[in-house]
Amino acid sequence: MVPETNPVPRTRFAPSPTGLLHVGGIRTALFAWLVARQGNGQFILRLEDTDQAREVEAAGQHIVDCLNALGLNYDEGPIRQSSRLGLYKAAAQKLVDKGLAYADPYTPQEVQAFREQAQKEKKPFLYRNHRPEKPPVWDGSQPLRFKANPRNWNWEDAVMGSLKAGPEVQDDIILIKSDGFPTYNFAHIVDDAEMEISHVIRGQEFLASTANYLNLYVALEARLPIFATMPHILNSEGNKKLSKRDGAKDVLDYIREGYLPEAMVSFIATLGWNDGTEQEVFTREELIKKFSLDRVGRSGAHFDERRLLWVNGSFIRNMPVDELYKKVSDFWPEEAASSSEKYKKQVLKITQERLKIFSELPELTNYFFTDLPVDLELIDGNKQLKKLSREEQADLLRQTLEIIEASDFTAEDLQAKLNHLLETTGQKPGSLFSLIRIATTWAPFSPALNDTLSVLGKDKTLERLKTSLQQLRTSS
RNA sequence: GGCCCCGUCGUCUAGCGGUUAGGACAUCUGGUUCUCAUCCAGAAGAUCGCGGGUUCGAGUCCCGCCGGGGUCACCA
């Protein structure tokens with residue numbers, strides 16, 4: 001069966017608000033969003049809250065927050081299925097009237113006994129093997145079941161390709177539960193038809209029930225959407241489906257840690273999709289332009305956080321400093337609180353290319369805002385510096401102090417002065433520059449020496465050189 | 001157990017009968033006036049899950065097997 005192609009795509013993301021959204025779920029949302037955006041269609045958020053028992057209070061808001069955080073804006077919703085019960089009931093009644101649905105007369109225990117019997121015989125459980133001959137009139141207190149008309153199905157999936165299923169997997173599924181709520185199996189089809197959804201994009205866990213859905217589409221005389229089934233995203237270690245229980249972070253966790261939404265989007269999109277070229281990182285706009293469901297891979301992918309880190313760093317490096325400055329505002333070290341915007345921007349400018357995730361900002365920049373404790377181990381652990389005696393080290397710092405006092409502290413002038421010092425002292429950059437770098441920062445690493453000193457400023461640099469000089473002398 | 005989906009470097013992947021099986025991340029080495037990072041150059045890393053077939057020729061097509069995953073709920 002080939003669905004009619006819809007000129008304007010209408011896609012939806014339809015999670016159940018039962019917990020935190022992980023990366024796998026977000027990818028489904030992203031792809032649905034991309035299909036809608038690239039076709040100038042609509043993207044709809046629908047919350048499948050038909051299971052009162054499993055619903056988590058804050059989960060709906062969490063889903064909204066995740067989509068917003070990634071910039072996956074929706075045009076309609078969030079639509080809660082719990083507010084549309086009349087719709088499902090009417091659709092169900094229609095099926096009853098047509099003789100395509102009937103009340104389930106068995107108790108849950110009886111059904112469970114059927115199931116266990118099937119298990120014992122190592123056979124799949126099919127309710128329709130026990131279909132009652134004269135079911136009672138449906139009064140709402142019993143589950144309502146679909147009277148399936150099993151057949152051999154062949155259909156196309158935009159990702160998986162040609163798919164098929166036989167009667168052995170088709171059953172009389174429950175449409176309406178005895179609590180009056182529809183099942184997912186029923187509600188989502190009624191909704192997708194009513195909302196005129198063009199592409200049903202969802203996870204692999206629904207693949208096995210698609211034949212049942214197909215039967216329902218026929219019974220409801222609904223138009224078939226395009227199906228697109230996404231493979232699961234797996235943990236980086238095992239071959240398990242990514243889930244919160246295994247310590248998988250939800251999307252908001254990553255944002256809080258300082259990953260950029262655009263990096264998350266690019267990374268998640270390329271987890272199973274590529275455009276056929278050797279491009280590795282995509283902007284949102286590029287994705288909208290280039291994405292296609294038929295280039296989505298069919299096999300599950302492992303979530304590799306190291307690659308995400310690289311993608312994130314790539315976005316950070318390619319961003320104008322002013323833009324980056326706005327984004328890192330919450331990540332500065334505490335000591336930076338009183339520093340000026342101008343100063344922080346200068347620091348950021350020379351730190352940008354070594355910043356991979358915002359949470360690293362404090363350890364990368366703290367010495368610009370506070371005096372780190374003197375740690376002679378930094379000098380003594382240096383291959384070049386440990387060859388020099390304390391006196392020699394102190395003398396080099398003394399000469400540095402002298403020549404640098406005359407600098408205007410532009411990066412260029414500092415470099416010229418430092419180069420000159422190299423000549424007059426006869427030292428290698430490996431030792432002289434290392435010594436000065438350590439003596440002015442007491443940090444394990446920092447940007448280029450001249451840039452660091454220039455940003456640090458004359459007063460601070462001289463002050464730190466003097467203190468360090470003092471320390472070297474007293475320790476010799 | 002039945003049914004369905006999947007199986008190319010550690011990881012993400014390109015490949016749609018003829019390639020020295022390509023790229024990226026990660027790893028390692030060297031270079032960029034010091035550290036860290038970037039950038040550049042290079043190395044290592046895949047008998048394309050295994051076995052049959054079809055073909056002059058198969059990662060690419062067919063069959064079987066193995067492995068992984070999903071599903072068989074009044075959960076989604």
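Letters go in sequence order (proteins before strands), and every chain restarts at 1.
The side chain of A/Arg115 places an N or O atom within less than 4.0 Å of a non-bridging phosphate oxygen (OP1 or OP2) of B/C74. Distances shorter than 4.0 Å separate none of the side-chain N or O atoms of A/Thr50 from OP1 or OP2 on B/C75. For B/U13, the OP1/OP2 oxygens have no side-chain nitrogen or oxygen of A/Asn274 closer than 4.0 Å. Contact annotation: A/Lys177 side-chain N/O to B/C75 OP1/OP2 distance is under 4.0 Å. Between A/His302 and B/C12 there is a side-chain polar atom (N or O) within less than 4.0 angstrom of OP1 or OP2. At least one side-chain nitrogen or oxygen of A/Arg298 sits closer than 4.0 Å to the OP1 or OP2 atom of B/C6. Remark: A/Arg317 is in phosphate contact with B/C39, judged by side-chain N or O atoms under 4.0 Å from OP1 or OP2. Residue A/Lys356 places no side-chain N or O under 4.0 Å from the OP1 or OP2 atom of B/A37.
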Heavy-atom protein contacts under 4.0 Å, nucleotides 40-48 of chain B, coded B base, S sugar-phosphate only, - none: ---------

Base versus backbone protein contacts along nucleotides 30-36 of chain B [heavy-atom cut-off under 4.0 Å; B, S, -]: ---BBBB

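Judged as a side chain to side chain donor-acceptor pair (under 3.5 Å), and not counting sequence neighbours, A/Glu262 has no contacts. Legend: residues meeting side chain to side chain donor-acceptor pair (under 3.5 Å) with A/Asp395, ordered by chain and number and at least two apart, are A/Arg398, A/Gln399. With sequence neighbours excluded, no residue satisfies salt bridge (charged side-chain N to carboxylate O under 4.0 Å, His left out) with A/Asp171. Scored by the side chain to side chain donor-acceptor pair (under 3.5 Å) test, A/Tyr127 finds A/Asp104 as partners (sequence neighbours excluded). For A/Glu286, there are no salt bridge (charged side-chain N to carboxylate O under 4.0 Å, His left out) partners two or more places apart in sequence or in a different chain. When the side chain to side chain donor-acceptor pair (under 3.5 Å) test is applied to A/Gln352, no partner is found at least two apart in sequence or on another chain. Under the rule for a salt bridge (charged side-chain N to carboxylate O under 4.0 Å, His left out), the partners of A/Arg464 that lie at least two apart in sequence or sit in another chain are A/Asp371.
Across the protein-nucleic acid pair, A/Phe114 atom CZ and B/C74 atom P stand 13 Å apart, rounded to whole Å. For the pair A/Ile233 CD1 and B/U13 C1', the interatomic distance rounds to 14 Å; values are reported in whole Å. The distance from atom OH of A/Tyr102 to atom P of B/C74 is 12 Å, rounded to the nearest whole Å. Counting to the nearest Å, the C1' atom of B/C9 and the CZ atom of A/Arg307 are 14 Å from each other. Atom P of nucleotide B/G68 and atom CD of A/Glu205 are separated by 20 Å, given to the nearest angstrom. Straight-line distance from the CD atom of A/Glu280 to the P atom of B/G22: 15 Å, rounded to whole Å. In this structure, the CZ atom of A/Arg145 is 8 Å from the C1' atom of B/C74, given to the nearest Å. Between the P atom of B/A26 and the CH2 atom of A/Trp310 lies a distance of 8 Å, rounded to the nearest Å.
Nucleotides of RNA chain B nearest to A/Gly272 and A/Asp104 differ in position, and the one nearer the 5' end is that of A/Gly272. Take the nearest nucleotide of RNA chain B for A/Arg295 and for A/Asp49: the residue whose nucleotide is more 5' is A/Arg295.
For the residue pair A/Gln279 and A/Lys290, a side-chain donor N or O sits within less than 3.5 Å of a side-chain acceptor on the partner. A side-chain N or O of A/Asp275 and one of A/Thr277 form a donor-acceptor pair less than 3.5 Å apart. Between the side chains of A/Trp153 and A/Thr210, no donor-acceptor pair of N or O atoms lies under 3.5 Å. Donor-acceptor pairing under 3.5 Å is lacking for the side chains of A/Tyr102 and A/Gln142. Looking only at atom types and distance, the side chain of A/Gln393 has a donor-acceptor partner in the side chain of A/Arg390 under 3.5 Å away.
Among B/C25, B/C75, B/C6, the nucleotide with an atom closest to any side-chain atom of A/Arg54 is B/C75.
Across the strands present, B/A41 finds its partner in B/U29; the criterion is a Watson-Crick or G-U wobble pair with both atom distances under 3.5 angstrom. Base pairing of B/C72 is made with B/G1, judged by Watson-Crick or G-U wobble geometry with both donor-acceptor distances under 3.5 Å. In this structure, B/U19 makes no Watson-Crick or G-U wobble pair, since no nucleotide meets both defining distances under 3.5 angstrom. Within the shown strands, B/C66 is the pairing partner of B/G7 under the Watson-Crick or G-U definition, both distances less than 3.5 Å. The nucleotide B/C34 finds no pairing partner, because no Watson-Crick or G-U wobble arrangement with both distances shorter than 3.5 Å includes it.
As judged by a 4.0 angstrom heavy-atom cut-off over every strand, A/Ser178 is placed among the base-contacting residues. Nucleic acid contact for A/Phe181: none, since no nucleic acid atom lies under 4.0 Å from a heavy atom of the residue. Among the atoms of the strands shown, none is found under 4.0 Å from any heavy atom of A/Lys428.
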Side-chain polar contacts of residues 159-166 of chain A - donor-acceptor pairs under 3.5 angstrom, sequence neighbours left out - could you list them?
residue  : atom : partner  : partner atom : Å
A/Ser162 : OG   : A/Glu156 : OE2          : 2.5

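Listed by first then second residue, pairs satisfying ring pair (Phe, Tyr, Trp, His ring centres under 6.0 Å) with a partner in residues 172-195 of chain A read A/Tyr184-A/His188, A/Tyr184-A/Phe206, A/His188-A/Tyr213, not counting sequence neighbours.
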Interface polar pairs with nucleotides 58-67 of chain B, N/O, under 3.5 angstrom:
none

